[in-house]
Every structure is written in structure tokens, then in C-alpha cells.
Amino acid sequence: MKLYAIFGNPVEHSISPTLHNFAFDKLGFDACYTKILVEDGSRLKEIFFHYRLKGVNITVPHKEWAYRLSDEVVGIAAEIEAVNTWYEKNGKIFGYNTDAPGFYESVKEFEFENVLILGAGGTAKAIALYLAQKGFNPHILNRSSQRLEFFREKGFTTFSWQDFSPQRYDLVINTTSAGLKDESLPAPKELLEPILQSAKYAVDVIYNKLTPFLKLAQELGLTYKDGTDMLLYQGILAFEIFTDFRYEKEEIAKYMKQSLKLANYY
Ligand SMILES: NC(=O)c1ccc[n+]([C@@H]2O[C@H](COP(=O)([O-])OP(=O)(O)OC[C@H]3O[C@@H](n4cnc5c(N)ncnc54)[C@H](OP(=O)(O)O)[C@@H]3O)[C@@H](O)[C@H]2O)c1
């Protein structure tokens, strides 16, 4: 039997074991996926080999450590400098980022050109770089200016709350953790409301919750969604990697969606 896990801190809330175990079972793949609390990110590799794991997902706050400790970084993860999926092959750890393509998959149904990303953390980096690779030019708006340096160096247009000049966006994405454990908006209401009033779509990466950001979007009549689809699609991509691409994406999606329904995520 092959063993898989999610590394994070905290990790007890993660739905990933449910998604992967359900699909392993339905597809007849002899494997089990569990949660492992990791406090010290520098020990990720040691823990991975200690438990003889075949693959892991890595979540907050260890994605940068996972990037640094990968033997080989594959695809967009190298540019993002953050890894959320490890797969072991012949004793070597291959690192991927499935958050970014997972997010893109989740908004493919929308028709948009101009994008505003709220927040400048790890998730914002992943989404901004992936959208740029797909030909978009997302603008970044963050509470403070410190984290905007990374984006400016890469040529993105950036704003802090203090220097934002209102523009028209089709799609507004909340990548901040505002609303995750509190009821705060990702930016002051007087700044956010005019942005949303002229937008078409609002997406929050926080999942299984109607955040204050999404509530405001709902009140203003926008099409909106939370981060459940992003979670689903990053999981499907990780599953493909974990099983060496032996199953059809549609089949994995079918079972993972079923497991989310059973867990009341849909
Ligand atoms: N759906 C999925 O599959 C999925 C995947 C990955 C992540 N996520 C979610 O994405 C969120 C962000 O994760 P991350 O790793 O990118 O976090 P991070 O690197 O810690 O970045 C957090 C960002 O949020 C901003 N922020 C925090 N609290 C705020 C507040 N009260 N008001 C305004 N801005 C605030 C910070 O601004 P400052 O720079 O000013 O501090 C920073 O830009 C988390 O909720 C995580 O659960 C979801």
C-alpha cells in the first residue's frame, strides 16, 4: 500500500484526506492519505522519508520550505517559489504547485479580461504568475506595501490601500485571509464597494464559507464563488501526480465531487 499525507500547521481542519481516500477507494488504487502536523518546516523531508510516504500535499505555512527542499521543482512552481505537492520517484522528491492551475481551472467558466487580486501573500503570487502566463495582466492591491515588492519586480501593477486609484475590473479575487476566522473585509468598504459595483465576478479562495467579501458581492449582484472549486481542482491535479497520471481527470473529478457533497461542501 502506498502512503500519502498533508503536511501543515494547523492541519486538523483539512478536507484533503477525504477527497483523496474516497477517490483511491472508488478507483481501486491501493493507498491511504492522512494528516501530519508539522511544526518545523525545515524537517519536512526527514518526516517524509521517516513515514515512507509516496506523496504529500503541503499547506500553510510550509510551502516555501517545500520549494527549497524539493530535489527537482517542476513547472510554474519554480517561478512562484512555493510548492504544495511532493511526489517521490526513485528516492528523489519532485515538487509541484497545483494551487495556481487549480485556481485557473475554477474560473475558466467566467469571461474576464481585467483582474484585481486582493492580497500579496503566497496564494496571490501563485495566482498572479499563473494568470500572467496565460496572458492576463492582473493588478495587485494589498493592505501594506511591503509584500508588493515581489510583484513590482516581476512587472505587475501594484497598489496599497493608500495609493489605490479606482479602475474597472471584470474579476476580483480575494486571496487574503480576511474573513477566514473573522468577519472582516479584505479592504475598507469605501474602497471595495466601488470596485465590486463595476465588476462582474468575485472569487474568494477561502472555502466552504460565505465570507464578508462574498456577501458584499452577493448584495451587489455579482456572480461569485468561494474556494471550494479551487480546492477540488488542486486536489485533482495532485491526485494525477500521486498516481502517475494513470486515471482520467473526469473520473477523479467525479469521485472527488462526490466526497465533497458527502462532506456538505457543495
Ligand atoms: N481554496 C484553496 O484551495 C486554497 C489554496 C491555498 C490557499 N487558500 C487560502 O488562501 C488564503 C491566503 O493564504 P496565503 O498562504 O496566501 O496567506 P499569506 O501568505 O499569509 O498572505 C496573507 C495576505 O492576506 C493579507 N491579509 C491578512 N489579513 C488581512 C486583513 N484582515 N485585511 C486585509 N488583508 C489581510 C496580508 O496582507 P499584509 O501583507 O498587509 O499582511 C497578505 O497579503 C488562506 O485563507 C488560505 O486558506 C485556499
Side-chain angles (χ1 to χ4, degrees), residues 6-16 18-20 41 57-67 76-77 80-85 96-107 116-130 138-152 156 158-164 172-192 195 203-214 216 224-239 256 260 263 265-266:
I6 178 154
F7 287 161
N9 184 16
V11 79
E12 72 273 10
H13 66 286
S14 174
I15 185 84
S16 291
T18 309
L19 284 176
H20 288 275
N57 286 123
I58 302 100
T59 187
V60 179
H62 300 315
K63 292 180 193 182
E64 275 92 14
W65 270 114
Y67 163 76
I76 188 88
I80 299 167
E81 297 176 7
V83 155
N84 78 324
T85 304
Y96 301 77
N97 188 304
T98 70
D99 284 332
F103 173 82
Y104 188 66
E105 202 63 38
S106 80
V107 296
L116 179 67
I117 296 176
L118 306 171
T123 310
K125 279 183 194 171
I127 292 174
L129 289 167
Y130 200 77
H139 291 182
I140 321 294
L141 171 61
N142 196 45
R143 178 173 58 182
S144 54
S145 57
Q146 214 174 7
R147 291 199 219 213
L148 291 172
E149 193 52 38
F150 172 91
F151 295 89
R152 276 196 291 267
F156 289 100
T158 66
F159 307 97
S160 69
W161 292 357
Q162 281 71 38
D163 62 19
F164 182 68
V172 185
I173 307 160
N174 177 32
T175 73
T176 78
S177 33
L180 180 67
K181 290 185 187 129
D182 55 34
E183 287 304 306
S184 61
L185 284 166
K189 194 170 181 186
E190 55 278 17
L191 206 91
L192 199 53
I195 297 171
V203 176
D204 206 315
V205 300
I206 295 171
Y207 53 85
N208 205 22
K209 187 178 176 186
L210 188 67
T211 57
F213 170 71
L214 290 185
L216 184 59
Y224 63 91
K225 67 158 69 177
D226 74 1
T228 306
D229 277 348
M230 176 180 176
L231 176 81
L232 168 71
Y233 291 116
Q234 64 77 26
I236 294 167
L237 297 169
F239 192 96
M256 286 197 165
L260 283 174
Y265 272 62
Y266 267 139

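Note that this is a predicted model, so its numbers are computed, not measured. Counting convention: from 1, in listed order, for ligands and their atoms alike.
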Per-atom contact, atom 38 (P) of ligand 1, protein heavy atoms, under 4.0 angstrom: yes
Basic-acidic side-chain contact under 4.0 Å: K209, D204: no
Polar side-chain atom of T98 near backbone of Q234 as donor-acceptor pair, under 3.5 Å: yes
W161 to ligand 1, any heavy atom closer than 4.0 Å: yes
Of the listed options T176, D226, I127, closest to atom 26 (N) of ligand 1 (non-hydrogen atoms): T176
Distance under 6.0 Å and angle within 45° of ring axis: K125 vs F150: yes
Nearest-neighbour protein heavy atom for atom 11 (C) of ligand 1, which is reported as residue plus atom name and distance: T175 O, 3.7 Å
N or O pair under 3.5 Å between L180 and ligand 1: no
Numbered atoms of ligand 1 (with element) below 4.0 Å of A120, judged on heavy atoms: 43 (O)
Option nearest atom 8 (N) of ligand 1 (shortest heavy-atom distance, choices V205, N208, I15): V205
4.0 Å protein heavy-atom contact status of atom 29 (C) of ligand 1, strictly under: yes
Side chains of Y266 and D229, donor plus acceptor under 3.5 Å: yes
Sidechain-backbone polar pair: N57 side chain, N84 backbone, donor-acceptor under 3.5 Å: yes
Under 3.5 Å: N/O of N142 near N/O of ligand 1: yes
Heavy atom of protein closer than 4.0 angstrom to atom 14 (P) of ligand 1: yes
Heavy atom of K125, distance to ligand 1 below 4.0 Å: no
Whether Y265 and Y207 hold their rings parallel, tilted or perpendicular, with breakpoints at 30° and 60°: tilted
